[in-house]
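In the text below, chain A, chain B and the rest are named by the order of the sequence lines, each starting its count at 1.
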Amino acid sequence: MTTPIIDVRDLRKSYGAIEAVRGISFAVEKGEIFGLLGPNGAGKTTTVEILEGLRRADSGTAVVAGVDVRADPVGVKDRIGVQLQSSAFPEHFTAKEMIELFAIFYRRTVDALALLRAVGLEDKAGQMAEKLSGGQRQRLSIAVAMVNDPQVLFLDEPTTGLDPQARRNLWDLVREIKARGTTVLLTTHYMDEAEVLCDRVAIMDAGRILELDAPRALIGQLLGRGFTKPVVQQQADLEDVFLELTGHALRED
Amino acid sequence: MGQIFRYVAMLLRAYARDRTALFFGFFFPLIFMILFGVLNLGAAARVNVGLVDEANNDDSQRFIATLSRIETFRVSRGERSDEIERLTAGDRDLVLVIPADFRVAPARPGSAVPTLTLYTNSGRPEQGAIGSSIVTQVVDQMSFAVTQTAPVISTKHEEVSGHNLRYVDFLTPGILGMTIMQSGIASVAFPFVVDRQRGVLRRIMATPISRRNFLAAHVLQRLVTLVIQVLILLGVATLMFKVTVVGSMIALLLVAILGAALFLCLGFAVTGLVATENAVPPVTQLVTLPQMFLSGVFFSKEAAPAFLRPIADYLPLTFLNDALRSVATQGSSLAEIGPQLLGLAAWIVVSFVLAFRFFRLDT
């Protein structure tokens with residue numbers, strides 16, 4: 001077995017009296033898409049922000065891409081790409097300039113157009129980033145996260161607020177990134193998203209990991225425990241109707 | 001360093017596209033300048049001078065002739081008792097008594113120097129202040145012309161008394177000081193509070209750029225735009241209002257940069273004290289408004305009510321305005337404005353400590 005690219009051991013973090021993360025351990029293998037699932041307030045974002053070097057854990061260790069996060073947060077930042085929840089880009093830059101701007105933060109020079117092409121935004125290179133649609137902005141945000149050619153890409157609720165077309169488009173993009181050999185750690189509270197994208201998922205609640213396995217395996221375990229639900233044999237759902245009517249093509253609003 | 005400069009270049013590019021910032025940074029101070037300059041609120045600063053000539057010799061005649069040529073002055077002559085009475089009545093802003101022993105010559109060792117007596121009307125403080133500073137300048141120049149050798153000095157004297165004593169000349173350094181204060185604070189407080197709220201700073205801090213380089217680039221970009229602002233304002237003042245900067249431009253810019261450093265620090269401190277964009281204007285107004293009125297932007301700071309004077313004298317903008325004005329209108333060297341520079345330096349230390357204590361990048 002190879003060394004995991006993310007190795008978390010007994011991580012804890014409290015804000016005052018609130019224990020956001022209560023001793024979690026998990027490992028992410030190189031090249032997989034790993035999902036952190038859980039309801040709001042489960043501790044997903046805190047966990048991810050510790051791994052990204054943005055917050056300090058109270059105790060426990062986390063090694064990301066060979067770097068101890070606590071000892072060298074800047075070293076970690078240099079090796080990973082991030083897309084943060086509820087963050088924004090500085091204003092008055094075009095999509096292409098945004099890539100160049102972030103390249104400065106990593107002291108790198110990049111082919112901005114190639115990165116935009118990879119996320120399907122080449123024709124928006126000259127457009128002001130704040131004028132892009134929600135889905136386009138998420139894709140730009142992923143392109144920006146790739147400027148340092150990261151070993152691990154962190155996506156915090158990447159599809160929240162997107163329409164079904166844009167969600168599917170983003171899923172394709174994440175799969176392409178995986179195909180290029182980048183490890184992806186994403187958080188989401190959409191189970192369909194986790195099911196189609198993730199190789200393995202950890203389900204968190206109240207600061208603890210409850211289960212960790214491949215989505216299929218978790219479903220199998222549940223059924224094995226005798227779980228049943230009233231089955232309505234339905235070959236399609238409302239989302240299928242929506243996509244059938246409006247098409248899979250991306251909307252450039 | 002390369003990282004800082006590349007980032008500064010990007011910040012300047014974004015700044016050039018930011019219409020709000022451009023409006024408040026460039027257009028707004030120009031409006032002030034043009035409004036006050038064209039309306040020539042110098043009319044309000046027209047000073048009624050009563051002259052009492054007890055010497056009545058060639059030197060005193062020459063002195064009176066010089067004073068009479070000054071645009072700001074409306075000169076009348078009379079007896080001491082009559083003039084003092086008119087001063088009390090408010091018909092005069094200033095009464096100047098030329099003593100019987102008045103002469104413009106190097107003082108003989110041991111003998112007393114002739115002393116001019118200035119009476120001002122405490123009810124019209126700004127006229128009194130403008131008037132007495134002009135008289136002091138004229139006297140300085142006359143004695144300078146005598147104690148130094150030479151025709152060189154006398155031409156300078158003409159130029160100074162011809163151009164340099166109008167209201168716009170007084171106003172221009174005040175507008176510069178005001179702009180440096182407002183831009184310095186606003187150009188930091190607004191963007192940083194907004195960017196912090198929107199999560200922009202968090203996103204940038206998720207990259208390996210150090211806080212030090214990040215802040216250095218932002219400060220440097222502000223200093224560059226402030227210098228451009230100052231140059232544009234001076235350009236307009238020179239071309240539209242024929243303002244002459246008597247002192248060195250380098251000295252003026254150095255003072256401006258010191259002032260900018262001070263108010264940028266205050267801006268960073270303010271950023272730490274407010275949580276939301278809506279709270280920025282009241283807090284910045286609280287800092288800037290009193291200084292606009294007490295620190296001698298539009299009128300002499302002597303115009304401030306007497307009980308506020310002790311405070312007004314030590315406000316950051318007072319030091320900045322006095323230093324700028326002294327260089328621009330009297331040609332003072334950096335050494336001559338030492339006390340003001342010291343005041344600015346003290347405030348820079350104070351505001352840096354405040355900024356260091358209160359500024360934060362994260363919510």
Can you tell which part of [X] gets under 4.5 Å to a heavy atom of chain B, answering side chain, backbone, both or neither?
| X | answer |
| --- | --- |
| A:R79 | neither |
| A:L54 | side chain |
| A:F154 | neither |

Could you tell me which of [options] has the largest number of non-hydrogen atom pairs under 4.5 Å with chain B?
| options | value |
| --- | --- |
| A:L101, A:V76, A:I104 | A:I104 |
| A:E91, A:H92, A:E52, A:Q83 | A:H92 |
| A:G75, A:A88, A:S87 | A:A88 |

Under 4.5 Å from a heavy atom of chain A, the part of B:D195 involved =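 Contact with chain A: none, neither part.
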
key: Best-contacting candidate, B:A16, B:A9, B:A14, B:G2, against chain A by heavy atom pairs under 4.5 angstrom   =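 That would be B:A14.
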
ask   = Which of these passes side chain to side chain contact (heavy atoms under 4.5 Å, CB included) with B:V193: B:V280, B:V283, B:L273?
value =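 Single side chain to side chain contact (heavy atoms under 4.5 Å, CB included) partner of B:V193 among B:V280, B:V283, B:L273: B:V280.
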
message = Taking side chain to side chain contact (heavy atoms under 4.5 Å, CB included) as the criterion, tell me which of A:T45, A:T46, A:T47 meets it with A:E49.
response =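 Going through the options one by one, the only one that passes is A:T45.
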
message = Parallel, tilted or perpendicular: which one describes the rings of B:F32 and B:F28, with boundaries at 30° and 60°?
response =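 Perpendicular.
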
key: Side-chain donor-acceptor pair present, A:T188, A:E193, cut-off under 3.5 Å   =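 Judged by distance alone, the side chains do pair up.
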
task = Establish, for the pair A:R167 and A:Y190, whether the NZ or CZ atom is under 6.0 angstrom from the six-membered ring centre and no further than 45 degrees off its axis.
result =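 Because its charged atom sits under 6.0 Å from the ring centre and within 45° of the axis, A:R167 does stack over A:Y190.
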
request  = May I ask you to decide whether A:E97 forms a salt bridge with B:R17, counting only side-chain N to carboxylate O separations under 4.0 Å?
outcome  =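 Salt bridge: yes.
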
